[in-house]
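A short write-up of the structure that comes next.
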Amino acid sequence: MSEYNPSKIEESIQKIWRDEERFKSVPDKREKFYCLSMFPYPSGKLHMGHVRNYTIGDVISRYKKMKGFNVFQPMGWDAFGLPAENAAIANNVSPSEWTKQNIEHMKGQLNSLGLGYDWSKELRTCEPTYYKWEQLLFKKFHEKGLVYKKKSFVNWDPKDETVLANEQVIDGKGWRSGAQVEIKEIDQWFIKITDYADELLDSLDGLDWPENVKTMQRNWIGKSNGAHIKFKLEHSNDYLTIFSTRPDTVFGASFLAISPQHEISIKLGESDSDIRSFLIKCKEVKAAEADMAKAEKLGIETGLNVIHPLTGDKIPLWIGNFVLLDYGTGVVMGVPGHDQRDFEFASKYNLDIKQVIDGKSDELPLLEKGKLLNSGKYNGLESEDAIAKIIEELKESNLGEGLVQFRLRDWGVSRQRYWGCPIPVLYNDGIPSLVDESELPVELPELPMGSGPIPLSQNNEFINSKEGYKRETDTFDTFMDSSWYYARFPSADNNDQAFDKNSNYWLPVDLYIGGIEHAILHLLYSRFFHKALRDIGLVNGDEPFKKLLTQGMVLKDGAKMSKSKGNTVDPQAYIDKYGADTVRLYMMFTSPPEQSLEWSESSVEGSSRFLKKLWHLINGRKYKIIDEPQSLNKNQKDLRRKAHTSILKIMNDYETRHSFNTAIAAIMELFNSIPESFKRDNPSEAEIFCLNETIIFILKAIHPIAPHVSEYLWNNFTDGSLGRIDSSWPFADKTLMEAESFQLVIQVNGKVRGKVEIEKTLSQEEIESTAKAVENIKANIENQTIRKVIYIKEKIINFVI
RNA sequence: GGGGAUGUGGUGGAACUGGUAGACACGCUUGGCUUAGAACCAAGUGCCGCAAGGCGUGGGGGUUCGACUCCCUCCAUCCCUACCA
């Protein structure tokens, strides 16, 4: 008998798939299923996270195909981005060459895993055939009024004279130069995602997405009701406007704080050296929100006052490093009595702390709402009431108004990098205009000979390549590239249109699978893109991804696998050693998709062992057509019951729960439940019938996960008599699932004291007396009054004494 | 700082709707096969205890006949935080 040889089998089966073009998808009459896994950044090698992500997608795609769906599963490359520039500097290769080589290698790896992609629709975001359309979409967004330019902040490395990504700033220093990084303001392109804030929020409700992701998006969008309140600057005609969700606490305002980048701060810095040095200090904070929040809250008095709009009191104006110019109005009202952060700030700088809300305790800060006090004529009113009345008064005196504010900010899409999609803009005397459609794409130029990846701003040939104009030198944020690729896939081979009838047929994506780390940004940008494309008339429907599955990370020794930690495991070594089927089986078996997965070497061995056992049971055996036997003995009935209940459970696990680990456990259980006698050389006809049925069920059930070995065994077992393995899913016959008895668990006061097998024909009284008669139960309830009997049908009986 | 998760044997995990905690595996122990090992096969394996029994799902408290599951509270770890992708 031949041994299980994964590499030989996998190669031969993959050849059949290639020759048949098994995974090429075209529209037809079946129900469609567009299954998409987040495309990878071509970093060079597949990592475990990819293997997991793509195996999940492939398992579901193959399962859906067996269930009769027309499945489309494409794959492509998120090919622009920072790592290519880093590699270019480190290895002196061009980003495009490096990227191309990585793609070739990774594509081979994906194929060796047996992933069923329709490569006829492959796309690469770094190719002009892709980004030409991205440039056109940007132009359409511009025509719709969704694009504008404004100043905003970046991490600036003064030594290298480059803009740094957040991850390139380490402890406030540039990663390469080591220079102190500064916040710098530059002019950049923005897209008005906030125009869609309400819709992005509201249409979350109808999505079949995990609740936690929807919650994260809701909180990110952050719709809040509040008010703008104007404070007049003393000795001036200017006003400062703040936004507050708690106008009921306005009488507790004891300071106002402005951002260090606010024009007043900058003006004061010019004449006051203390303020100047404070502002310089504030520049030394990384632009990332987490870093700003962690930084110590610092402030400096401006010496200016503002006038409280309701009391007329003078209130000091401060500059605070925690105030973001980009967010809200760039001015904050400090109410130390009722806000944690304001309280800490006021305590530190000895500012007034007033209580204006009556709470259960008098300990400040008091964060909850309640009755107002120390608030003039509003004393005694409940917060909600007071909010309405205060807004009314402010409105009458033109010093404020109620309004809804979003936390969501517009999307800055400018990057000062080489390896990205050029923003298609021309400047004539500094006036920008979008490049004409007939002149698209604006191609990214090759790098000058011998140069590293210099930004386009240093490439004069590019800048001046259209006479009379200067070209825009910013490139797009790579989130732009990945925000619409899902819609391009079905039309990826069409160079005349961004989206053709294929996109219309396949969209929306029925299941989108990817890492939880994309829960907010990528998924929100894509949702925005879809809505904007819809309004331009390019796609149908309101949402791009009907259902979402977010997978957890792959860990080693409790930590995320990363190069810097040196704890990476190269999947290729395992594919080479055990074969793709084992790696896929291991990945699916060891943890449910949404949880993180701890890599363990020895468990891989276990998955391989199961496939070997499967091989030894089935290889060499031949399927024989036998009529369904008239009567079966207990063993035979039990096996059939197990087979049919298992198939039903596995179906539910694949389809509804996406719980592949329990599906595999059920397959293993079914395998283990085959009586030894059925496998002998001379079984009875009835035994052969039951065994054949079980083998068919097991091969079909494991096929989405271990497609090579199952198809190979299937072909040899059936000799083509039952069609291709992926042509159908087994029928689970409910009439075969019924058992004649069940095990009843007997509890006394909620503790398990015994178990007994009960015939289903028994009445509840009979069950109760049978339970009471069980040896250990008798002892437990003797001489006791049974106060209550709780019977849960065919499960449990509990005697309460 | 804010937002979202997770926590169950030596290990990965199961328990789907409040109803037998530990399915299915890994590992380990013992035995078989073997000159030996690997592989394979069989039995055992939550903890304490000779046993009867008791304890047990991150800690503490609560609801319930019954809690891994619901509520309160605390702790630990991970992810995101708008220029990593």
Side-chain angles (χ1 to χ4, degrees), chain A residues 38 40-41 43 78 80-83 86 154-155 163-169 193 210-213 215-220 222 287-295 297 322 326 340-341 407-417 477-479 482 515-522 524-525 550 552-553 555 558-560 586 589-592 594-607 609-610 612-613 616 649 652-653 656-657 659 661-662 664-669 672 743-752 754-755 787-790 792 795-801:
Chain A
M38 290 180 184
Y41 179 80
S43 55
D78 190 12
F80 275 136
L82 210 46
N86 298 337
V154 293
N155 300 308
V163 175
L164 300 179
N166 284 332
E167 70 160 10
Q168 294 176 313
V169 183
I193 190 172
E211 267 319 307
N212 61 331
V213 176
T215 304
M216 280 190 255
Q217 294 218 345
R218 280 189 195 106
N219 291 336
W220 184 263
E289 193 205 53
D291 295 271
M292 293 211 195
K294 266 180 235 143
K297 311 284 171 288
F322 53 90
D326 281 0
Q340 186 66 40
R341 199 175 59 179
R407 205 189 79 97
L408 181 69
R409 307 199 293 261
D410 276 337
W411 178 12
V413 295
S414 281
R415 297 292 180 271
Q416 296 70 39
R417 304 243 159 75
D477 174 10
T478 54
F479 275 125
S482 56
I516 183 68
E517 66 273 19
H518 293 294
I520 297 173
L521 295 179
H522 164 63
L524 194 66
Y525 291 143
T550 47
M553 289 176 314
L555 310 176
K560 186 177 177 174
Y586 168 77
F589 180 54
T590 203
S591 178
E594 304 206 314
Q595 281 180 36
S596 54
L597 181 156
E598 173 71 32
W599 178 262
S600 126
E601 177 115 14
S602 52
S603 304
V604 187
E605 202 69 62
S607 296
R609 198 176 295 165
F610 178 69
K612 275 186 205 157
K613 284 196 225 170
H616 285 298
K649 182 205 164 35
N652 184 40
D653 283 351
T656 314
R657 301 207 305 153
S659 167
N661 54 330
T662 53
I664 293 164
I667 295 168
M668 289 175 169
E669 256 187 81
N672 293 341
Q743 192 191 49
L744 180 74
V745 171
I746 311 160
Q747 297 183 332
V748 177
N749 279 350
K751 294 202 183 222
V752 178
K755 291 164 192 178
R787 290 193 292 124
K788 208 169 168 187
V789 179
I790 291 145
I792 307 296
K795 264 187 187 149
I796 251 174
I797 193 158
N798 187 10
F799 298 108
V800 184
I801 55 176

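Since this is a predicted model, take the numbers as computed values, not measurements. Just so it is clear: chains get the letters A, B, ... in the order the sequence lines come, proteins before strands, and each one is counted from 1.
- If you check G7(B) for Watson-Crick or wobble pairing at under 3.5 angstrom, you find it paired to C75(B).
- Residue Arg407(A) has no polar side-chain atom (N or O) positioned under 4.0 Å from OP1 or OP2 of G3(B).
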What protein N or O atoms touch nucleotides 66-73 of chain B N or O atoms at under 3.5 angstrom, if any, and at what distances?
none

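- Between Gly515(A) and Met38(A), the shortest heavy-atom contact is N-SD, 3.8 Å.
- Applying the 4.0 Å criterion to OP1 and OP2 of C55(B), one finds that Lys751(A) has a side-chain N or O inside that range.
- Of the possible polar contacts, none joining the Thr590(A) side chain to the Tyr586(A) backbone as a donor-acceptor pair under 3.5 Å is found.
- Among the nucleotides U20(B), G19(B), G4(B), the one closest to any side-chain atom of Val745(A) is U20(B).
- For G1(B), the paired base is U81(B) (Watson-Crick or G-U wobble, both distances below 3.5 Å).
- Heavy-atom minimum distance, Leu164(A) versus Arg417(A): C-NH2, 3.9 Å.
- Under a 3.5 Å cut-off, the side chain of Gln595(A) and the backbone N or O of Pro592(A) do not form any donor-acceptor pair.
- For the C1' atom pair drawn from U8(B) and A76(B), the interatomic distance equals 16 Å after rounding to whole Å.
- A donor-acceptor contact shorter than 3.5 Å links the side chain of Lys297(A) to the backbone of Ala295(A).
- Note on Ala288(A): only backbone sugar-phosphate atoms sit closer than 4.0 angstrom, heavy atoms only; bases stay farther off.
- Using P as the reference atom, G46(B) and A36(B) are 32 Å apart when rounded to the nearest Å.
- Straight-line distance between the P atoms of G9(B) and G13(B): roughly 11 Å, to the nearest whole Å.
- Counted by atom type alone, Ser482(A) and Asp78(A) present zero donor-acceptor pairs between their side chains at under 3.5 Å.
- Listed for the Asn798(A) side chain is no donor-acceptor partner under 3.5 Å among the backbone atoms of Ile790(A).
- Applying the 90° cutoff around 0 to the glycosidic angle, G9(B) is assigned syn.
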- Item | Reading 5' to 3' through nucleotides 7-16 of chain B, protein heavy-atom contacts under 4.0 Å coded B for base, S for sugar-phosphate only, - for none | -----BSSSB
- Item | salt bridge (charged side-chain N to carboxylate O under 4.0 Å, His left out) between Glu289(A) and Arg407(A), intermediate numbers included | CA-CA 13 Å; Glu289(A) 193 205 53; Arg407(A) 205 189 79 97; 3.5 Å; yes
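- Base contact: Ala290(A) has a heavy atom under 4.0 Å from a base atom.
- The gap from the C1' atom of U63(B) to that of G2(B) amounts to 32 Å, rounded to the nearest Å.
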Distances for protein N or O near nucleotides 83-85 of chain B N or O, under 3.5 Å:
residue: C83(B); atom: OP2; partner: Arg415(A); partner atom: NH2; Å: 2.6
residue: C83(B); atom: O4'; partner: Arg415(A); partner atom: NE; Å: 3.3
residue: C83(B); atom: O4'; partner: Arg415(A); partner atom: NH2; Å: 3.4
residue: C83(B); atom: O3'; partner: Asn166(A); partner atom: N; Å: 3.4
residue: C83(B); atom: O2'; partner: Asn166(A); partner atom: N; Å: 2.8
residue: C83(B); atom: O2; partner: Arg417(A); partner atom: NH1; Å: 3.4
residue: C83(B); atom: O2; partner: Arg417(A); partner atom: NH2; Å: 2.4
residue: C83(B); atom: N4; partner: Gln188(A); partner atom: OE1; Å: 3.1
residue: C83(B); atom: N4; partner: Gln416(A); partner atom: OE1; Å: 3.0
residue: C84(B); atom: OP2; partner: Asn166(A); partner atom: N; Å: 3.4
residue: C84(B); atom: OP2; partner: Glu167(A); partner atom: N; Å: 3.1
residue: C84(B); atom: O4'; partner: Glu167(A); partner atom: OE1; Å: 3.2
residue: C84(B); atom: O4'; partner: Glu167(A); partner atom: OE2; Å: 3.2
residue: A85(B); atom: OP1; partner: Leu82(A); partner atom: N; Å: 3.2
residue: A85(B); atom: OP2; partner: Thr478(A); partner atom: OG1; Å: 3.4
residue: A85(B); atom: O3'; partner: Asp78(A); partner atom: OD2; Å: 2.7

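- Pair check for C55(B) finds G46(B); Watson-Crick or G-U wobble, both atom distances under 3.5 Å.
- Atom CZ of Arg657(A) and atom CD of Glu594(A) lie 11.5 Å apart (nearest 0.5 Å).
- Base-pair partner of G18(B): not found among the strands shown (Watson-Crick or G-U wobble, both distances under 3.5 Å).
- Side-chain atoms of Ser659(A) never come within 3.5 Å of backbone atoms of Asp653(A) as a donor-acceptor pair (strictly under, hydrogens ignored).
- For G27(B), the OP1/OP2 oxygens have a side-chain nitrogen or oxygen of Arg609(A) closer than 4.0 Å.
- Looking at every heavy atom in both residues, Gly412(A) comes nearest to Asp477(A) through O-OD2, 4.2 Å.
- The P atoms of A5(B) and G10(B) are separated by 29 Å, rounded to the nearest whole Å.
- Comparing the P positions of A67(B) and G59(B) gives an interatomic distance of 15 Å, to the nearest angstrom.
- Nucleic acid contact for Leu408(A): base, since at least one base atom lies under 4.0 Å from a heavy atom of the residue.
- In this structure G31(B) sits in a base pair with C41(B), meeting the Watson-Crick or G-U test at under 3.5 Å.
- Across the C1' atoms, U20(B) and C26(B) are found 25 Å apart, a figure rounded to whole Å.
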